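Computed from a prediction, not measured in an experiment: that's the story for all the values here. Letters A, B, ... are given to chains in the order of the sequence lines, protein chains preceding strands, and every chain is numbered from 1.
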Amino acid sequence: MTIQRPKGTQDLLPGPISKWHHLEQIIRSVCREYGYEEIRTPIFEATELFQRGVGETTDIVNKEMYTFLDKADRSLTLRPEGTASVCRAYVEDKLYAQALPVKLYYIGPMFRYEKPQSGRYRQFHQFGVEVLGADKPVVDAEVISLVWDIYRRLGLKDLEVHVNSVGCPTCRAEHRRQLRDFLAPRLGELCRDCQERYDRNPLRILDCKNPGCQEVSRGAPTTADTLCGDCREHFEEVQEFLTAAGVIYRLDPRLVRGLDYYRRTAFEVMVEEIGAQSAICGGGRYDGLVEEIGGPPTPAIGFAMGLERVLAALELQRVLPESEHGPFAVLVALGKEAEKQGFALLSSLRQAGVPSGMDFLGRGLKAQLKQADRQGARLALILGDEELKWKVVILRDLTLGEQTEVPWPDILATVKGKYEEEKK
RNA sequence: GUGGAUGUGGUGAAGCGGUUAACACACCGGAUUGUGGCUCCGGCAUUCGAGGGUUCAAUCCCCUUCAUCCACCCCA
């Protein structure tokens, strides 16, 4: 067997890659409109960053990291997510010295050692945003609104934006107490995982998918029920701002995000039809993280969007534009001299912005035309001995099947004119 | 990590124990040595993911292994 790509990775080939360009282009322009600037951090980091930043109790850290030792025995890890790196850069590059808040975005590959399935890869791509240094509810709403706008611009339908507040450490402690009290009498009815969660992190029982556990936890106190005054007020204001921005959202008291660092606002965007992995975006507030990794106390909020999943949804909903590719005009040169003259013509076409090409394999007239047709070219510019003699080029329209002779001085303008007409 | 499905040419696929492995598309060549798309003709898998076993005989049965897909867990 020949060498194949590592499990859970993919080759993005020339045709389909235009979808990525489309997606990235919309992301970048919406970010520009919202005043977010791009940051690029390394694709690998000290392992400790993720252990501390993502959380020792998470699946990501416990079983999904690509960790290796380098030649000096440093433990490094391919980044499984973007937030920890951005916070590290915020601290290390002293971005807090700038006017706050700092509004950043990133796009790039992430790596998790998981078993691949539909919508899940070992190397996948995320777009994410982080706002550091602001704790006001408007910020939360702005970030969610940015996500909303990107999806709207892309033409995605049937989205569900779920919003919740998981509170601050104080209300979480209170919630935990109430939740345990509520569940205690029926502890025996929970699944094995949830029985463990009862001790470690009862919050997670709320989003267990096991029907039995859902039955038991029905009516349980939610995080939103036990918010302290400040958190409650924060959450209410977030909702008011979301409504003001025209974001259609749903309160989801069972929404609990997986990573350890979340505080207060948590949100997720789902699309049903892409398979079991229906979350295309998840995020929330993480006011303690920057301090956790050695920076100044800094409120922060962000999200990550899974680009493969967004593309899958775009594809299923057929809202991707047709890709532009292939030459508009193809030079069909017959003979050495024609090739030289033609190459000069090609060069001027390209400088004029007309995508154009020629044959490189010494094919005959017929084969060259066939090739031009296959590449989807609109025009063939035929140049042979006859045409050299009379200083003309045969300009053949491959879709109409009509052709005319055009004198050399007029060719560039004619072809360019047709190209611009077609582009309209 | 656990479970299920699948692996036949570039692609989609038939065959399911027995002499030459259907068919379609794609591709290459020709009909038409200066005109593509349509049509017609011809070519295109010593081989059925890999390794082992059963058998007189295996793409078809058994074992092992690898890969892909899907689901669980969890997440984007």
Side-chain angles (χ1 to χ4, degrees), chain A residues 1-10 54-55 57-65 79-83 106-129 147 191-194 196-197 204 207-210 255-259 267-271 274-284 302-313 330 332-335 338 359 361 363-389 394-403:
Chain A
M1 199 55 194
T2 45
I3 298 172
Q4 34 183 295
R5 76 180 86 93
K7 188 190 276 284
T9 63
Q10 38 180 354
V54 179
T57 66
T58 59
D59 280 3
I60 292 182
V61 170
N62 284 316
K63 45 186 209 195
E64 296 172 3
M65 295 211 295
R79 62 181 186 195
E81 57 106 56
T83 302
Y106 58 83
I107 298 183
M110 305 294 164
F111 306 83
R112 292 185 197 171
Y113 194 95
E114 293 190 272
K115 208 153 176 191
Q117 74 187 67
S118 156
R120 166 181 288 156
Y121 304 89
R122 288 188 171 182
Q123 176 176 343
F124 61 103
H125 296 79
Q126 286 186 332
F127 152 65
V129 152
V147 172
C191 71
R192 187 169 304 164
D193 285 343
C194 282
E196 267 176 45
R197 289 176 180 139
R204 295 297 219 76
D207 75 346
C208 180
K209 281 161 198 152
N210 184 313
L255 171 59
V256 175
R257 308 241 60 244
L259 311 187
F267 67 98
E268 216 166 85
V269 183
M270 333 270 275
V271 204
I274 58 173
Q277 311 307 319
S278 60
I280 54 175
C281 179
F303 66 78
M305 186 184 288
L307 300 187
E308 282 80 1
R309 293 183 187 176
V310 173
L311 282 173
V330 166
V332 175
L334 304 164
D359 172 63
L361 299 183
R363 281 186 257 243
L365 172 67
K366 228 161 87 106
Q368 288 193 51
L369 280 168
K370 190 170 179 176
Q371 191 63 21
D373 185 54
R374 261 205 306 221
Q375 291 172 9
R378 179 70 199 269
L379 299 178
L381 314 180
I382 303 169
L383 188 59
D385 293 342
E386 281 297 292
E387 290 72 31
L388 281 176
K389 189 164 150 198
I394 296 178
L395 198 158
R396 181 171 178 83
D397 187 312
L398 295 173
T399 44
L400 300 176
E402 293 166 356
Q403 61 186 42

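Base pairing analysis places B:G3 opposite B:C70; the two distances defining the Watson-Crick or G-U wobble pair are each below 3.5 Å. Base-pair partner of B:A57: not found among the strands shown (Watson-Crick or G-U wobble, both distances under 3.5 Å). Nucleotide B:U46 has no partner under the Watson-Crick or G-U criteria, as no pair reaches both atom distances under 3.5 Å. Pairing for B:U35 is absent, judged as Watson-Crick or G-U wobble with the two contacts each under 3.5 Å. In this structure, B:A26 makes no Watson-Crick or G-U wobble pair, since no nucleotide meets both defining distances under 3.5 angstrom. B:U19 makes up no base pair with any nucleotide shown, lacking Watson-Crick or G-U wobble contacts both under 3.5 Å.
Between B:G3 and B:C25, the distance separating the two C1' atoms is 36 Å to the nearest Å. Straight-line distance between the P atoms of B:U32 and B:G36: roughly 12 Å, to the nearest whole Å. Here the separation of B:U11 from B:C48, taken at their P atoms, is 16 Å to the nearest Å. Straight-line distance between the C1' atoms of B:A50 and B:A57: roughly 22 Å, to the nearest whole Å. B:U39 and B:U6 are spaced 37 Å apart, taking the P atom of each and rounding to whole Å. Separating the P atom of B:U47 from that of B:C73 is a span of 45 Å, rounded to the nearest Å. Separation of the C1' atoms belonging to B:C28 and B:U64 is 40 Å when rounded to the nearest angstrom. Across the C1' atoms, B:G49 and B:A24 are found 24 Å apart, a figure rounded to whole Å.
Atom pair A:L381:CG and B:G36:P shows a separation of 17 Å (rounding to whole Å applied). Between the CG atom of A:D59 and the P atom of B:A76 there is a distance of 11 Å, given to the nearest Å. Summarising the geometry, the separation between CD on A:E268 and P on B:A76 is reported as 7 Å, rounded to the nearest angstrom. We find that CG of A:D385 is positioned 14 Å from C1' of B:U33, with the value rounded to whole Å. Rounded to an integer number of Å, the gap from OH of A:Y121 to P of B:A71 is 11 Å. We find that NZ of A:K63 is positioned 12 Å from P of B:U2, with the value rounded to whole Å. The CZ atom of A:R309 sits 14 Å away from the C1' atom of B:C70 (whole-angstrom rounding). Distance CD1 (A:I274) to C1' (B:A76): 9 Å, rounded to an integer number of Å.
A:E387 places a side-chain heavy atom less than 4.5 Å from the side chain of A:I394. Using a 4.5 Å heavy-atom cutoff, the side chains of A:K63 and A:Y113 are not in contact. A 4.5 Å side-chain heavy-atom check between A:D359 and A:V332 finds every atom pair outside the cut-off.
A distance-only check finds no donor-acceptor pair linking the side chain of A:R396 to the backbone of A:E402 [under 3.5 Å]. Here the side chain of A:R309 pairs no donor or acceptor atom with the backbone of A:R120 at under 3.5 angstrom. No donor-acceptor distance shorter than 3.5 angstrom exists from the side chain of A:R112 to the backbone of A:I60, with no hydrogens or angles considered. Remark: side-chain polar atoms of A:Q123 are not paired, donor with acceptor, to backbone N or O of A:Q10 under 3.5 angstrom.
For the pair A:R112 and A:R396, both in contact range of RNA chain B, the more 5′-proximal nearest nucleotide belongs to A:R396.
Minimum heavy-atom separation, A:F303 to A:F267: CB-CZ, 3.5 Å. The two residues A:K7 and A:P116 have their closest heavy-atom pair at CG-CG, 3.8 Å.
Among the atoms of the strands shown, base atoms are found under 4.0 Å from some heavy atom of A:K115. Contact annotation for A:G119: base contact, defined as any heavy-atom pair under 4.0 Å involving a base atom. Base contact: A:E386 has a heavy atom under 4.0 Å from a base atom. Using a 4.0 Å heavy-atom cutoff across all strands shown, A:G282 reaches sugar-phosphate atoms only and no base atom. Counting any heavy atom pair closer than 4.0 Å across all strands shown, A:F127 reaches no nucleic acid atom. Nucleic acid contact class of A:A279 (heavy atoms, under 4.0 Å, all strands): sugar-phosphate only. A:L307 comes within 4.0 angstrom of nothing in the nucleic acid, heavy atoms only. At a threshold of 4.0 angstrom between heavy atoms, the contacts of A:I280 are confined to the sugar-phosphate backbone, with no base atom among them. Residue contacts shown for A:G401 include a base, since a base heavy atom lies under 4.0 Å away. At a threshold of 4.0 angstrom between heavy atoms, the contacts of A:E402 with the nucleic acid are absent. Counting non-hydrogen atoms under 4.0 angstrom, A:E308 reaches nothing in the nucleic acid. Across all strands shown, A:Q368 has no heavy atoms under 4.0 Å from either base or sugar-phosphate atoms. Heavy atoms of A:I60 sit nowhere under 4.0 angstrom from any nucleic acid atom.
Just one of A:V269, A:V147, A:L311, A:L307 meets the side-chain contact (heavy atoms from CB on, under 4.5 Å) condition when paired with A:I280; it is A:V269.
In the interface, the side chain of A:D373 is not paired with the base of B:G37 through any donor and acceptor atom under 3.5 Å apart.
For A:E387, the side-chain atoms get nearest to B:G34 when compared with the rest of B:A76, B:G34, B:A71. Of the candidate nucleotides B:G34, B:C69, B:C72, B:C69 has the atom nearest to the side chain of A:P116. The side chain of A:S118 approaches B:A71 more closely than any other nucleotide in the set B:C75, B:A71, B:A76. Looking at the side chain of A:L369, the nearest of the listed nucleotides B:G34, B:A76, B:G36 is B:G36.
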Protein and nucleotides 27-32 of chain B: nitrogen or oxygen contacts under 3.5 angstrom:
residue, atom, partner, partner atom, Å
B:C27, OP1, A:R374, NH1, 2.6
B:C28, OP2, A:R374, NH1, 3.4

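Remark: A:D397 engages A:R378 in a salt bridge (charged side-chain N to carboxylate O under 4.0 Å, His left out) (not counting sequence neighbours).
OP1 or OP2 of B:A71 sits under 4.0 Å from a side-chain N or O of A:Q117.
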